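Heads up: the structure comes next, in C-alpha cells.
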2 protein chains.
Amino acid sequence: MATIRDLARQCGVSVATVSRVFNNPEVVTQETRDNVLRVAARIGYLPNESARTLATKKSYMVGLIWDTDHRRPGWRHPFLQEILIGLKTALSARGYHLLMLATSDEEDGHLRAARRHNLDGVVFIDNGTRDPALIRLAESDVPCISLDRPAAGPRTTYVISDNAGGARLAVNHLHEQGRRAIATITGPGRTRPGAERLTGYRDALAALGLPAREEYVVEGDFYLTGGHSAMRRLLALDERPDAVFAAGDEMAIGAIRAITEAGLKVPEDIAVVGFDDIEPAALLQPGLTTVAQDKAGFGVAAATALISMINAPAAVSPAPSVLPTTLVVRGTTAPRP
Amino acid sequence: MATIRDLARQCGVSVATVSRVFNNPEVVTQETRDNVLRVAARIGYLPNESARTLATKKSYMVGLIWDTDHRRPGWRHPFLQEILIGLKTALSARGYHLLMLATSDEEDGHLRAARRHNLDGVVFIDNGTRDPALIRLAESDVPCISLDRPAAGPRTTYVISDNAGGARLAVNHLHEQGRRAIATITGPGRTRPGAERLTGYRDALAALGLPAREEYVVEGDFYLTGGHSAMRRLLALDERPDAVFAAGDEMAIGAIRAITEAGLKVPEDIAVVGFDDIEPAALLQPGLTTVAQDKAGFGVAAATALISMINAPAAVSPAPSVLPTTLVVRGTTAPRP
DNA sequence: CTGAAAGCGCTTACAG
DNA sequence: CTGAAAGCGCTTACAG
C-alpha cells in the first residue's frame, strides 16, 4: 500500500502538499494538483482513514445500535429493515458509513464504543427507551438520533411518525364505512407509539360523537399472538364491535385470524385496520387496510438531523421530526353491508 | 478524553507499560496491572481505536456490502435480515464490528473502501455474482465471504444452503402425499440457488421413477408476480399438476393466489411447497409447507470462516460451507384426497 | 502557493 | 518486568 510519503516523493512535493490536494485542493496550483492526482491514480494511492481520523477526530462513521439479542417474534422486522436501508442510503449519500455496534451488556458499553471508534454520531433503532446504556449515550455529547422512539439529551433528538394522526385516519375511515362500534387493540401502554395511537383513537371517536366504551379498548403487545387473544376478548363481549383498529399490522393479522376462527368474516362482519404497512399487508387475502408509515422518510430525516448535529458547533438538539402517515385502503375494510 | 499518556503519568509508569496492561497483561506484574486498571477506570480511559488500527493494521471491522440500490420487491428481505442479524451476532461475539459500506459505482469502489478503512474482511450479501466490483474485491487479498451465492478468490469463500437436497426433500414429501404430477416453478436459471433447486427437483423425480415432463418446469423470478404467472401457465396445461414445488416462498404465495383465483383449492386440488421459510409462511392460512434454510447458521458459518481467513497467515480459502435444509410441513400440503 | 515540523494516540521491537 | 524511542500515515498551524 502506497502511503502519502511515497506519493509525495514520486511527485517531488511535500506530504503537506499532497494532503492539500485531497483536502483543500483550491489552495494548490492547477499544475501540481493535476500531477499529484495523476500519479496517485497510477500508483493506486488511497488515504488511510485510520490515520485521518487520528489526526482530525472525524471518522465519517455513524454507529448503529440495534439490540438484536432479545429475539422477538414477528413482522416488526421488515419495518425496521426498510428503515435501516433508508438510513444507510441517506447516510451513504453524504459520505458516512454505518457501523453496526456489537451488543454490550455494560452500562457504558455503547458510549465507550462511540468514543473508542471516534464515531461522529449514533443511531438507535428498535431499542427500549429505558435502557440505561442508551440514556447514558443520549445524555453524552455524542450526537444521537432515535428512530421511532423518543430520546432526549444535549445533542439528541428523534424521528417518529404522527401516530395520533394515523389512528384518527383509521377511525375516520371506519366511520365513513358505516361502522359505529369501533374497538381498538392497542400497543403496550408504556411505548410511545402505543400510547399515541390510543390517544388518536379516542380523539377521533370524540370528534365523531361516538361514545368511548372502555370495554372496546384491549391492550396487545404489537405481535400476532397478542392481537389474536385481544380479539378473542372483543368477540366475547355482549355487544360485538363491527370494526377494529389494531395499532400494528401484526396484531391486525392475529385479530383477523381470531375473527375467522370464530366463524365470522372480514370485512363483512368486522372490518379491520392495522398500522405500519409492512410488506405482508399487501399480500394477504383480503389485503390489509392499514396506516402506512413513511419508512424511507425515517432514514432521510434521521440522516439529515444527525448530520446537522454533527456539523453544529455545540449542544443543539434539533426538534424531533414527526412524519406524516397515510391510509392505505385494501380489502379488510368495506362499507357495512 | 484521557489518552494513554495521561494514564501513564497518573500511574507513574511508561505508556509502553500501560499498553501492555491492555494488550499483553501476562507480561506485567500483578501490582502495576491492578493499579493501571484501577486508575484507568477512575479517569475513564478508553483506547483510541483509530490509533490502534494505525499502529497494528488491524481494525476489528468487517465490511458489509449490501447493494440496497435496486429496490426489488418482495419478501426476500426478511430472509436477508435474519441472516444479517445472525452475522452481526456471531461477529459481535468475537469482537468484530460490522461496517455497512456506502454503495459505490466505481469498479474498485469496494476494494478502495476496504483498504482505506483497514477492514479485516468483507461480507457480500444479496449481490449479483457478476458484479465487477465484487469480483475485483474477491480476487484481491482481502478476506471475503459471500452469503447465498458462490464467489471465488485467493482468500474468498462462501456459505450456501444445500439447495439440491432441499428440493429433493420437497419432492419426496409431495410424493409421499400421493402426488404424482409434480411441477416446479424455478428461480432464474442464472442464479446458483435457482439452478441447484431445479437439479434437486429433477434428481428426486428420477429417483422416484416419475417421468420428467418439461412442460412441468416453468421459470419464475423469485418474486410473487413471477410465481403467479408461472402458475397460470401450469394451470393452462392439458394435464394439470396436482402438486407444485416453488423454488422460493414468495413464488409459492403467488402460485397459491393463482390457484385460488382459478377456483381451485390448496392443498386439496394442488399441493404447494415453497423454499426459504420466511416469516409470513407460518402466518398464512393455510400455512405454507416449505424448505427451511438455516438463517442463523449462515451468520455463524460466515463469521467462523471469515475470522479463520483473517487469522490465517496467507492465501487460504476454506471450503465453502453447505448448510443443511429441513422440511417444515404446514397446511399447503396434505395427502391427496 | 509550498515545506518543515509537530502532533494525533497508540504498539512494539530493542535494551536493560 | 519496564522504559525510551521509533514508527504507523495522516493533517495543520506556522513560516516563508
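If you're wondering where the values come from, they're calculated on a predicted model, not measured in any experiment. Excluded from the calculations below are hydrogen atoms, water molecules and symmetry mates; all remaining heavy atoms, backbone and side chain alike, are included. So that the names make sense, note that chain A is the first sequence line, chain B the second, and so on, each numbered from 1.
- A straight line from CD1 of A:Ile43 to P of D:dG9 spans 13 Å, rounded to a whole angstrom.
- Rounded to whole Å, atom C1' of C:dG9 lies 13 Å from atom CG of B:Leu46.
- Between A:Tyr96 and A:Tyr60, the ring planes are tilted. Angles from 30° to 60° get that label.
- As a whole-Å value, the separation of A:Asn24 CG from C:dG3 P is 15 Å.
- Within the 3.5 Å criterion, the main-chain N or O of A:Ile307 finds a donor-acceptor partner in the side chain of A:Asn311.
- Looking only at distances, a side-chain donor or acceptor of A:Ser317 sits under 3.5 Å from a matching main-chain atom of A:Gly153.
- With hydrogens and angles ignored, a donor-acceptor pair closer than 3.5 Å exists between the side chain of A:Arg20 and the base of C:dG3.
- A:Asn35 has its CG atom 11 Å from the P atom of C:dT2, to the nearest Å.
- The backbone N or O of B:Asp141 sits less than 3.5 Å from a side-chain atom of B:Arg155, completing a donor-acceptor pair.
- Nucleotide D:dG7 holds its P atom 18 Å from the CG atom of A:Asn48, rounded to whole Å.
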Intra- and interstrand pairs of DNA chain C - dot-bracket, Watson-Crick/G-U under 3.5 Å, | marks other strand: |||.||||||||.|||
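- The nearest whole Å value for the distance from the CE atom in B:Met1 to the C1' atom in C:dC8 is 13 Å.
- A:Ser19 places no side-chain N or O within 3.5 Å of a backbone atom of A:Val15 that could act as its donor or acceptor partner.
- Residues B:Tyr45 and B:Asp6 form no side-chain contact, since every pair of their non-hydrogen atoms from C-beta on lies 4.5 Å or further apart.
- A:Tyr45 comes within 4.0 angstrom of sugar-phosphate atoms only, judged by non-hydrogen atoms across all strands, and of no base.
- Per the geometry, CD belonging to B:Glu49 stands 9 Å off P belonging to C:dC10, to the nearest Å.
- A distance-only check finds no donor-acceptor pair linking the side chain of A:Thr157 to the backbone of A:Ile145 [under 3.5 Å].
- Here C:dG9 presents its P atom at 14 Å from CZ of A:Arg115, a figure rounded to the nearest Å.
- Side-chain atoms of B:Asp34 and B:Gln30 form a donor-acceptor pair, as typed in the model, at a separation below 3.5 Å.
- Judged purely by distance below 3.5 Å, without hydrogens or angles, the side chains of A:Thr89 and A:Ser92 never pair a donor atom with an acceptor atom.
- DNA chain D is contacted by A:Ala51, A:Arg52, A:Leu54, A:Ala55, A:Thr56 of residues 50-63 of chain A, taking any non-hydrogen atom closer than 4.0 Å.
- Remark: A:Arg94 CZ is packed, more than 12 non-hydrogen atoms of other residues, nucleotides or ligands lying under 6.0 Å away.
- If you take atom P in D:dT2 and the same atom in D:dA6, they sit 23 Å apart, rounded to whole Å.
- Side-chain atoms of B:Asn24 do not come within 3.5 Å of backbone N or O of B:Val27 as any donor-acceptor pair.
- Side-chain nitrogen and oxygen atoms of A:Asn23 include at least one within less than 4.0 Å of the OP1 or OP2 phosphate oxygen of D:dT11.
- Near DNA chain D, meaning a heavy atom under 4.0 Å from it, residues 2-19 of chain A has A:Thr3, A:Ile4, A:Ala16, A:Ser19 in order of number.
- Remark: the A:Asn118 side chain and the A:Thr53 side chain contain no N/O donor-acceptor pair separated by less than 3.5 Å.
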